[in-house]
Structures are given as structure tokens and as C-alpha cells.
Amino acid sequence: MLGTAQVRTFEHMIRSEQEQQRIDSVHALRAKGIEPYPAASFEVTHHSGPLKEDFKEGVKVRMAGRLMNRRIMGKASFAELQDREGSLQIYLNRDELCPGEDKGLYNDVFKKLLDRGDFIGVEGETFLTQVGEPSVKVTSLTVLSKAIRPLPAVKVEEDGTVHDAFTDPELRYRMRYVDLVVNPKVKETFAARSTIIRKIRDSFDAKGWMEVDTPVLQSIPGGAAARPFATHHNALDIPLYLRIANELYLKRLIVGGFDGVYEFSRNFRNEGMDRTHNPEFTVLELYVAYQDYHWMMETTETLFGDLAQAVHGTTQVALGAHTIDFAPPYARVTMRDAILEHAKVDIDGLDEEGLRDACQEHGIDTDESMGRGKLIDELFGEKCEHHYIQPTFICDYPTDMSPLTKAHRDKPGYTERFELMINGTEVANAYSELNDPLDQRARFEDQLTLSERGDDEAMYIDHDFLRALEYGMPPTSGIGIGIDRLVMMMTNQTSIQEVLLFPQMRPEAFESGAGDADFSALGVPEAWNEHLVAAGFPTPKEVLDAKPTQVHQRLNGFRKKNKLDLPALSLEEVTNWYSDTSS
RNA sequence: GACCUGGUAGCUCAGCUGGUUAGAGCAUCUCACUUUUAAUGAGAGGGUCCUGGGUUCGAGUCCCAGCCGGGUCACCA
């Protein structure tokens, strides 16, 4: 809740003309005895979707949503009421809405004081207009919430042509709430994401597997090879890491006697961002006892076929220029055959040097820290991966790039591992899990050697996990499915930001309210003191947290905007504020 | 991290080899209009041209530095 003082401050923020008009309307509504932000519930009986699908005239309805796209024609008006399902046309007739002498609700409230984007509740009766549009004739109108900022004015023609679309990715991601209101397709993508997750959960629960929660804060960031985000626990005075994977915890639960466990794991990796990578992302991890990776392939292809059906009603799904067929079974190609086919290299019988030469021949940069597994991985990634558009299981990875995977039952040097490739991208990664504790210990030690050789992706040793394995883990198959990528494949998106509600962005700078602060310790000229606060630096801390270049620009921008009678600051001068405090 | 590219009104965008007071459509405001649907007709208001510096008689436009995005690559899933 905002205090009165704060409300007053916000009203003094610099507003666009349209925002100021809307704020004036808030006051005008109150002056008429209408609360623009009422506390009481508004009972809703119908939503636009079902009402339109099975439309009948003469149905009494109560609906609520945003007022959009008004078409005012004197004593009668049409508008769209947009709710969670879509939107429905409403019709307001002055004399039916206001049967008495006082026409204020129509003439003043609806026509003047309400704007596009405001939440209203209506009561009325369904009917078809002359042109056959399903509509609601409004007999009662309630203001539910007044919007101060105007929504982007997107207009859609009957044939689907969109005018003045809200498309700037920066604005769409930073203000997803606006994106969702104005771009119906965006809503559909996230509805599909929800459907996929719910369907997976239903299908796993039906099999008797159990959803679990395991630690996000870990003292050893294990289960994958990646740079973690580090933090610190004050009470224990120890470093902690946000998990890069949850694999080792789920296996501990298999040791503990659950024979099917899964978790939708939010993982965090402190690495680059692009259209297939976000610092936090979701992986579905599933571990099932007494199964192997062949069983897991069948489980996976069946699941994906079902998911496509649930989202699209068919297994044929458009993805960019391709149509992906999610119907099982999927092709199974060994890593050796994949490389043989696309790079004409037989990795069997090639030692590290031979592989290094093969990589060089294909123009792949190598260095001394790369072992045999890493070299094979490079060959596959560079020469093969992008060829697999239709769902394909790539099987049997070399042992030294799979430290948690069981050795292959009849191919020495290989493991029982597969990755599922779709549209040239890895979507899932699965193993027959390594449950031989002595082998696991040896594999961790090999990782240590790799790490000493300079491979900064080598895994940490988790001694408690080794101890757990020594108590005995049944044969188990496990899989990790990249949920974000899966949703991309299922919703025809090529960027991970389109399937994350709030993708990571550089934080935005805001002007904040007034406060008293002393900047003299930084060496800021006294005349600038109050302006620093107004320009969005309430305390010296905010100044020091920002980059000097940024502060310099913001302040000079503020000076220009407000036509301050002060000399412009030099970058050097601002930079000095930083050095002064550190000495 | 490197390269390419963009930032002009609330939204989508024009703005030529630098040259009067920076434009359009939609949105907003005023007026008209009782079945419209990108409603329509008439009129009006609205701009730190991302920021700072430079070149110039003159910069939205050219140069330098920076801020914030997007794309490609590298790394990764």
C-alpha cells in the first residue's frame, strides 16, 4: 500500500499528456462519487470464449475485463470487452444504460472518463447485431480499475491483418504484462507451455512416479558441467551455489527406495545468453529404477507424441520452414554412425591424436585441454548436429564425456547414453545411470585430471553422492528434458525469450521518488544534490552501484531536460566521485 | 567477449548528397452521429530526434565516446 505522501510524489512524476488526462479522470470519477478502484468483488457469470462458441441470444450475463477499442456513435457505442479468453463486443445504448433523467453514466463516465485498457464489469443480455456479431447489450456498467498508462494501440482487421503491432522485443520482454494484453498469440504460447507441463505431470503421476523437490542451494554444484552462480550463507558462513542440475539428488532418492521420481528443476548457469540460452532455465528430470536407456527412448517418444497431440491435436507440428513429426518411433543413430555419415570419420580406432587431426581437417579449432570425448563432441556439434531436424536419438556417447553414465553393455569405451535432437537442437539427454560406485569414483577422478589439464567444465566430486551409491542404487534410467526448448519446438518459436514469461534482461533504470541524501562525501557539487535524487539516485549507494558513464549521461540528460542553470558535468568529474570514496 | 545493426510523438514508422518552425497513420482532446467493427466526418494538441562531446554559418542527418536493445559468432543446454 502506498502512503499519501508517495501517491502525491507519483502524481508529480513527469507524465505524458495522455497519462495526465487519465489521472484527471481518476479524480473526476471520485468527484462524481464513483470509486475508480473499488474493493468489492464483482461476480462474473460468463467468459467471452465459451459464450461465443455456443452463442445464444437473450442470455443474461455478468462479465468483466478490459475495455478495448471503443467505437462511439453519439447515443450508442460499441466496444470490445477483453477477458482471459479473448474478447466479446459490448453494445451500450444511452437510454438503455441510463433509463432515467440522469444520463451521466453514459455521457460522462463511459464516453469521457473511461479509456481503452480500463477494467470494467458489465451486466446485460446477449444479442446479434445487424451484421451478425455476437454482442452483449449492457444495462449496467461498473468501473473496476482505471488504467493510467495507455496501452499500445494495436488494431486487428477481420482478415487478421495487424496494424501498429507492439513488436519491439525489448519492450515486449521488459513489459510482458503489456505484451500479453495486446498480443493474443503470446498468451497462446504460454498456455501451450502450461498444457505441456500439466500433461507431463499427469502422465507421470498416472505411472506412480513421484514429484519431488530437491535443493536449489547446493554446496557442491554437481550433476553437470557449467559455471555456477555463487552466493554466501551468512549463518553457516559458507559459499553456496545455485544448482546447475539436480541429477545427483534425484539419484540419492532412488537409493532411498523411490523407484520413480521427477522434478521440474529450475537450473542456473552463469554463462552466455542467446536465443537458446537464458541464465535460468527449466529441465524436467526423471529417474526410473530397473529400466535402461532403451526403455527411456520408448518412454520419451511416446510422451512427445502425446504432448504434440495435447497441444495441437496432431503429431505434425510446424516449426519454421519444417514440419516436425512427433509420432513415435524416432530414428536411433549411434554417435559413431552420425560422425561417419556427416564427417566421414570413423571415431572407432582413432586415438586422441587421430581425432585431433580429423578435427583440424574439418576446420575445427582444438587445444591441448581437449580429451578424446571433447574432440568427438566437437566433431558431432560442428558437422552432424544441425542435420537432425526430425526427432532423432543420438546414442552411445564416448565414456570420457559422460562421467555419470553406465558403461555400454557391449561396446568398450562407450556409454549407454542418448540425446534427443529436434530441429538441430538438443532437447533431452538420458542415460542408463552409472550405479557402480567404484567406477563412479574412478570417473570423478578422471574429471579431476581433465580439470587439471585445463578443462574448466570438468565436474566437481561429490563425496556424499559417492557414499550414497556405495549403499547401493538399483539399475536406473534417467532423463533430463529441456522444457523451454521443448516448448519452443512445440510452439514454433525460435527464441527462448518467447517461451519464458520474464527472460533475463539488463536491469532498467527508473526515476524514483524524493528523499534526502548527502552526496557531499562523494565530492558532488552542492548545487547538484537535489537533482541527483530527482534524476533517480536517492542515495550515494545508487550512484556508486551504477557505472560512472551511466551516471554522467543520466545527470546531463536530466540537466538538459529540466533546463537546469548549471554547467554540464564532465565524465572525468563524475569518475572522480568514485575514486574519492575509495581512498 | 568480437562483429553487424537499430534507438525520431503513447504505438508503428517516414525524414534524400547536412539547410526554414521535424512529418504520416493510429492513439489522445473538442464537435457531430442510436447496430459499428482498422467505425466515419470536421478540427486541435502532443517531440530530452537515446546521452555527451566534436566538425560546421547551420546537425535528427557527419565524426568520436558512451547508454540500451536486436542479430550473428564464440561458450554452453
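Just so we're on the same page: letters track the sequence lines, and every chain starts at 1.
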**A:Met490 versus A:Leu307, closest heavy-atom pair with distance** = CE-CB, 3.8 Å

**Charged tip of A:Arg70 within 45° of A:Phe110 ring normal and under 6.0 Å** = yes

**Position toward the 5' end of RNA chain B (nearest nucleotide), A:Glu80 or A:Leu151** = A:Leu151

**Complete:** pair_partner(B:C49), Watson-Crick or wobble, both distances < 3.5 Å, evaluates to none

**Request:** Could you check how far CG of A:Leu171 sits from C1' of B:C68, rounded to whole Å?
**Result:** 11 Å

**Asked** Looking only at atom C1', what distance separates B:G19 and B:G60, rounded to whole Å?
**Response** 13 Å

**Prompt:** Cut-off 3.5 Å, side chains only: do A:Thr425 and A:Asn423 have a donor facing an acceptor?
**Reply:** no

**Request:** Just name whichever nucleotide pairs with B:C31, Watson-Crick or G-U, keeping both distances under 3.5 Å, else none.
**Result:** B:G41

**Fill in**
A:Ile496 CD1 to B:G70 P, in whole Å, measures 14 Å

**Message:** Less than 4.0 angstrom from a charged side-chain N to a carboxylate O is my criterion; do A:Glu419 and A:Arg485 meet it?
**Reply:** no

**Asked** Quick one: is A:Arg71 getting a side-chain N or O under 4.0 Å of the B:U36 phosphate, OP1 or OP2?
**Response** no

**Request:** Would you classify A:Thr276 as touching base, sugar-phosphate or nothing, given that sugar-phosphate means primed atoms plus P, OP1 and OP2, and contacts are heavy atoms under 4.0 Å?
**Result:** base

**Item:** Contact letters for nucleotides 29-35 of chain B, in which S counts primed atoms plus P, OP1 and OP2 and B counts the base, heavy atoms under 4.0 Å
**Value:** SS--BBB

**Request:** Using the C1' atoms only, state how far B:U55 lies from B:C63, rounded to an integer number of Å.
**Result:** 7 Å

**Message:** Applying the Watson-Crick and G-U wobble criteria at under 3.5 Å, what pairs with B:G18? Answer none if nothing qualifies.
**Reply:** none

**Message:** Tell me which nucleotide, if any, is Watson-Crick or G-U wobble paired with B:C26 when both distances must be under 3.5 Å.
**Reply:** B:G10

**Message:** Between the side chains of A:Lys103 and A:Asp108, is the shortest nitrogen-to-carboxylate-oxygen separation below 4.0 Å, so that they form an ion pair?
**Reply:** no

**Prompt:** Whole Å only: how far is the CZ atom of A:Arg149 from the C1' atom of B:A27?
**Reply:** 16 Å

**Asked** With a non-hydrogen cut-off below 4.0 angstrom, is A:Glu426 in contact with a base, only sugar-phosphate, or nothing?
**Response** sugar-phosphate

**Fill in**
Taking a pair to mean Watson-Crick or G-U wobble geometry with both distances below 3.5 Å, B:C3 pairs with B:G71

**Asked** Does A:Asn69 make a side-chain N or O approach to OP1 or OP2 of B:C26 shorter than 4.0 Å?
**Response** no

**Main-chain N/O of A:Leu105 paired to A:Lys32 side chain as donor or acceptor, under 3.5 Å** = no

**Message:** Would you measure the distance from the C1' atom in B:A22 across to the matching atom in B:A9 and give it in whole Å?
**Reply:** 11 Å

**Request:** For the pair A:Glu85 and A:Lys187, find out whether any cationic side-chain nitrogen is under 4.0 Å from an anionic carboxylate oxygen.
**Result:** no

**Asked** Looking at the side chain of A:Arg275, which of B:C11, B:G71, B:A74 is the nearest nucleotide?
**Response** B:G71

**Message:** Could you tell me how far apart A:Glu170 (CD) and B:C50 (C1') are, to the nearest whole angstrom?
**Reply:** 11 Å

**Message:** Does B:G69 have OP1 or OP2 under 4.0 Å away from a side-chain N or O of A:Arg174?
**Reply:** yes

**Complete:** 5' to 3', nucleotides 41-46 of chain B under a 4.0 Å protein heavy-atom cut-off (B base, S sugar-phosphate only, - none) gives ----BS

**Message:** Under 3.5 Å for both donor-acceptor distances, Watson-Crick or wobble: does B:G60 have a partner, and if so which one?
**Reply:** none

**Complete:** When rounded to whole Å, the CG to C1' distance for the pair A:Leu88 and B:U37 reads 13 Å

**Nearest heavy-atom neighbours spanning A:Arg116 and A:Ala153** = NH2-CA, 3.9 Å

**Request:** Could you tell me whether A:Asn278 contacts a base, only the sugar-phosphate backbone, or nothing, with contacts defined as non-hydrogen atoms closer than 4.0 Å?
**Result:** base

**Prompt:** Can you check the A:Asn270 CG to B:A77 P distance for me, whole Å?
**Reply:** 14 Å

**Request:** Compute the centroid of each ring, for A:Tyr91 and then for A:Phe127, and state whether the two points are separated by less than 6.0 Å.
**Result:** yes

**Item:** Length of the line joining A:Asn183:CG and B:C11:C1', which is rounded to integer Å
**Value:** 11 Å

**Prompt:** Within this structure, what is the CZ-to-P distance between A:Phe166 and B:U12, rounded to whole angstrom?
**Reply:** 7 Å

**Request:** Have a look at A:Arg116 and say if it touches a base, only the backbone sugar-phosphate, or nothing, with a 4.0 Å heavy-atom cut-off.
**Result:** nothing

**Request:** Identify whether the distance between the nearest side-chain nitrogen and carboxylate oxygen of A:Arg71 and A:Glu80 falls below 4.0 Å.
**Result:** yes

**Asked** Does the base of B:G25 carry an N or O that pairs as donor and acceptor with the side chain of A:Asp164 under 3.5 Å?
**Response** yes

**Fill in**
Side-chain atoms of A:Lys155 come closest, of B:C68, B:C75, B:A27, to B:A27

**Asked** For atom P, what is the distance between B:C33 and B:U48, given to the nearest Å?
**Response** 36 Å

**Message:** Taking the minimum atom-to-atom distance to the side chain of A:Pro152, which one of B:U37, B:A77, B:C11 wins?
**Reply:** B:C11

**Asked** Any side-chain heavy atom of A:Arg172 within less than 4.5 Å of one from A:Glu498?
**Response** yes

**Message:** Parallel, tilted or perpendicular, judged at 30° and 60°: which one describes the rings of A:Tyr262 and A:Phe264?
**Reply:** perpendicular

